[in-house]
Amino acid sequence: MEKSNIFKKILAIMGLLLIPIVGLYSYSNQISIHVVEEQIRQNSGDKLSFFVQQIDAEFDQYMISVNNLGIEPLVRAFISLPPASTDSELFEAKLSVQEDLEIKGKAGILERAYTLFAPLSGEVVSTHNSISYKQKFVDMVHGGGLKPFIWTYSAEDNSRIPNAFVYRIVEPLFVYEDLEQADLVGEIRVDTKDIADMLTRFKADSPGDPFLFHENEAPIVARTADMKRINELLPLFENNKKDVKQGTFLASLQNEQYMILYAKSEATGWYLIEYMPLENILTPITSSRNWFWLSLSLILLISVLSAFLLYRNVQVPIRELYLAAKRLRRGDYSVRVGSRKHDEFGYLFEQFNLMSEQIQHLINSIYAEKLHAREATLKQLQSQINPHFLYNCLFFIKNMTRIGERDAVMAMAVKLGDYYRYTTHVDQQETTLREEIKLIHNYLSIQKMRMDRIHFQIKIPDAMLELKLPRLIVQPIIENAIIHGLEPREGAGMIRVIGLIGEQGYEIVCEDDGVGLSEQELRLLRQKISSNAVLDESCGLRNVQQRLVHKYGGKSGLTLEQSADGGLRATIRWSALPSERE
């Protein structure tokens with residue numbers, strides 16, 4: 001439509017005018033973000049580097065203090081004690097050394113524990129909180145498990161002995177492979193809990209979350225750290241870090257951008273890593289950007305509304321007529337266009353409504369005629385009486401009267417009367433399943449009177465008895481089973497009628513153990529009942545199929561299968577109506 005094209009062109013022009021504005025702002029926004037990121041990288045990197053240098057300086061100082069222990073008088077007196085020393089001498093020497101070590105351990109940023117072993121006397125002095133650690137240290141000395149003169153990380157299995165960074169000494173140095181010949185074996189332990197407290201204090205003045213990491217070791221984190229996020233970021237760090245002392249990179253995790261800074265400690269070999277979400281840092285820029293897009297959206301909306309107001313007197317009426325014509329083409333003949341104008345469009349709307357009304361009237365008339373014809377056909381089929389069945393019943397009455405079976409004659413007459421009273425009742429096209437089952441019971445009882453070899457079972461749930469369904473919908477199935485299934489069979493026969501309730505509807509299964517049908521005969525019968533062609537002979541099964549489909553829809557109908565008992569299994573299936581689903 002030409003008017004619609006003009007409207008779209010105006011919108012396109014407005015969009016082209018806004019493109020330079022959007023491009024300029026986007027460029028400016030990217031520059032601002034880049035400057036802020038560089039500033040954060042510089043400031044946080046400097047703080048991280050200073051923190052690592054502080055840790056290295058502390059560890060170097062601790063290392064010097066341990067190396068100098070051998071020249072202190074109290075320590076020399078302790079390691080020089082002969083094995084024959086009295087308990088009092090041992091106690092005084094150990095107490096003096098322990099008090100001195102405790103004072104040293106509390107000086108500085110981090111607390112640390114000292115442990116000394118004198119091979120000459122076999123005595124141990126330790127400021128470690130765990131009593132069992134003394135024996136463990138002795139075992140390590142005798143077992144040769146010490147690595148002196150380097151900082152190592154000790155991850156203990158014993159929960160009473162916390163993980164720590166350990167530095168050990170052996171005097172003299174040349175006997176470190178045979179510690180039994182040493183004068184002094186000592187160590188200093190820096191508890192990771194104290195380092196975690198130090199990280200917590202550092203985190204308080206930082207926008208990120210710092211932690212220490214070394215390959216194949218659990219990270220050392222602040223007390224308020226997000227361990228889940230740290231474990232998710234560690235693979236990104238291992239993939240992006242470079243073999244440099246200090247670095248920075250950006251990484252994405254779960255649609256969130258992070259800046260990750262790291263610096264390596266020379267003393268411990270561990271990396272101090274700090275990550276910070278850029279979204280929190282760039283909040284002012286993001287807020288400004290959101291306000292810009294909101295303002296731009298409002299401007300765009302006002303522009304669209306202005307253009308719409310310019311063309312509404314042409315565009316809107318044509319579109320309404322266009323949509324109404326599409327609905328009319330799809331078969332919705334109830335469509336009408338509201339006439340609110342007194343111009344040319346008002347006249348077009350009025351003529352369109354008149355044309356739609358005339359088409360709907362003609363279609364409704366044709367549809368009503370089809371319904372009347374279908375109803376007349378159904379009544380004609382319903383009122384048909386099977387003369388062969390009636391003759392057999394009258395012949396039965398005659399024979400029973402001749403032999404004086406008065407009760408059998410009365411029962412046959414009553415059931416036959418009820419049967420034909422129901423089948424010839426044509427003024428009402430629907431009934432309940434209870435009435436339909438009553439008819440089937442009468443019909444099967446009559447057949448059992450005629451042929452005592454016929455047996456039947458009827459099992460219908462009480463919840464189905466009051467369901468509405470077309471009259472004479474089950475009887476043709478039962479009649480077909482008697483005539484074509486059980487009568488040709490020699491000996492007794494059984495018919496079962498079972499009701500089933502499914503999620504989307506209901507089923508009535510009619511099954512017999514008669515002579516049945518071959519696969520080819522069954523296939524031809526299925527084609528016959530599904531065909532819409534006019535048949536010369538009557539077919540009650542096809543009538544049942546068409547009535548079910550007409551009332552309940554395409555998923556309903558009649559299904560024919562071979563029975564496990566050798567006969568035929570017919571399933572009447574229909575969908576639940578909306579009132580029944582409730």
Side-chain angles (χ1 to χ4, degrees), residues 375 377-394 396-397 408-451 454-487 493-501 506-512 514 538-548 550-552 556-558 568-574:
E375 184 177 353
T377 302
L378 293 178
K379 289 184 177 181
Q380 178 188 5
L381 292 171
Q382 183 180 351
S383 62
Q384 289 180 349
I385 299 175
N386 188 337
H388 178 71
F389 172 69
L390 179 59
Y391 295 157
N392 289 336
C393 292
L394 293 177
F396 174 83
I397 293 174
V409 172
M410 290 291 295
M412 175 63 78
V414 171
K415 292 185 180 297
L416 191 61
D418 290 342
Y419 175 78
Y420 277 111
R421 183 183 301 110
Y422 183 86
T423 58
T424 57
H425 190 195
V426 297
D427 58 340
Q428 187 176 3
Q429 295 301 313
E430 283 193 349
T431 186
T432 62
L433 183 56
R434 183 189 300 276
E435 295 296 327
E436 190 74 7
I437 294 302
K438 182 178 179 182
L439 170 70
I440 298 306
H441 190 275
N442 284 337
Y443 179 76
L444 289 173
S445 299
I446 292 172
Q447 295 289 6
K448 184 172 177 58
M449 289 180 186
R450 290 182 48 248
M451 296 176 289
I454 294 180
H455 305 282
F456 64 90
Q457 292 179 354
I458 300 178
K459 294 182 181 180
I460 304 295
D462 293 340
M464 293 179 62
L465 292 177
E466 301 304 323
L467 294 176
K468 296 288 186 179
L469 73 165
R471 295 168 62 85
L472 298 177
I473 205 71
V474 184
Q475 191 272 343
I477 310 298
I478 303 300
E479 182 178 355
N480 185 77
I482 294 290
I483 297 174
H484 301 288
L486 299 184
E487 284 187 356
M494 171 65 73
I495 292 181
R496 295 182 180 88
V497 181
I498 302 173
L500 302 174
I501 302 176
Y506 308 96
E507 293 181 0
I508 296 178
V509 180
C510 304
E511 188 172 14
D512 66 78
S538 62
C539 183
L541 298 184
R542 192 184 75 158
N543 179 258
V544 172
Q545 166 75 9
Q546 291 181 342
R547 293 169 68 189
L548 288 172
H550 174 68
K551 181 171 180 63
Y552 297 103
S556 304
L558 179 62
L568 192 66
R569 176 186 176 97
T571 303
I572 300 173
R573 184 179 295 106
W574 71 95

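Nearest heavy atom pair, residue Asp512 against residue Gly485, reads OD1-CA, 4.5 Å. Minimum interatomic distance between Leu472 and Pro476 (heavy atoms only, all atoms of both residues): O-CD, 3.3 Å. Looking at every heavy atom in both residues, Pro461 comes nearest to Gly499 through CD-O, 3.3 Å. Summarising the geometry of Pro470 relative to Arg547, their closest heavy-atom pair is CB-NH2, 3.4 Å, with the distance given to 0.1 Å. Across all their heavy atoms, Cys510 and Val474 have their closest contact at SG-CG1, 4.1 Å. Contact record, Met464 with Tyr506: CE-CB, 3.9 Å, taken as the closest heavy-atom pair.
Side-chain contact between Ile498 and Leu500: present, with at least one pair of heavy atoms (C-beta onward) separated by less than 4.5 Å. Between Tyr443 and Ile482 there is a side-chain heavy-atom pair separated by less than 4.5 Å. Using a 4.5 Å heavy-atom threshold, the side chains of Glu466 and Leu433 count as separate.
With hydrogens and angles ignored, the 3.5 Å screen pairs no side-chain donor or acceptor of Glu507 with any backbone N or O of Ile501. For Gln457 (side chain) and Ile495 (main-chain N/O), no donor-acceptor pair under 3.5 Å exists by modelled atom type. The backbone N or O of Ile454 sits less than 3.5 Å from a side-chain atom of Lys448, completing a donor-acceptor pair.
The only option from Ile473, Val497, Ile477, Ile440 that meets the side chain to side chain contact (heavy atoms under 4.5 Å, CB included) definition with Ile508 turns out to be Val497.
One distance of note links CG of Leu469 with CH2 of Trp574; it measures 5.5 Å at 0.5 Å rounding. For the atom pair Leu439 CG and Glu436 CD, the distance stands at 5.5 Å (nearest 0.5 Å). Interatomic distance, CG of Leu444 versus CD of Gln475, reported as 9.5 Å (0.5 Å rounding). Going from atom CD of Gln545 over to atom CG of Asn543 covers 10.5 Å, rounded to the nearest 0.5 Å. Distance check, rounded to the nearest 0.5 Å: CD1 of Ile572 to CG of Leu558 gives 6.5 Å. A distance of 7.5 Å separates CG of Leu486 from CE of Met451, quoted to the nearest 0.5 Å.
Here Glu435 pairs with Tyr422, Thr431, Thr432, Lys438 under the side-chain contact (heavy atoms from CB on, under 4.5 Å) rule; sequence neighbours left out. Judged as a salt bridge (Lys or Arg N to Asp or Glu O under 4.0 Å), and not counting sequence neighbours, the contacts of Arg496 are Asp565. For Arg569, the side-chain hydrogen bond (donor to acceptor under 3.5 Å, both in side chains) partners at least two apart in sequence or on another chain are Glu511.
A salt bridge links Glu430 with Lys551; the closest basic N to acidic carboxylate O contact falls under 4.0 Å.
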Worked check of side-chain contact (heavy atoms from CB on, under 4.5 Å) between Glu479 and His484: CA-CA 8 Å; Glu479 182 178 355; His484 301 288; over 6 Å; no

Please report the C-alpha distance between Arg573 and Tyr552 in whole Å, then the side-chain angles of each, then the deciding distance to 0.1 Å, and finally whether the side-chain contact (heavy atoms from CB on, under 4.5 Å) criterion is met. CA-CA 9 Å; Arg573 184 179 295 106; Tyr552 297 103; over 6 Å; no

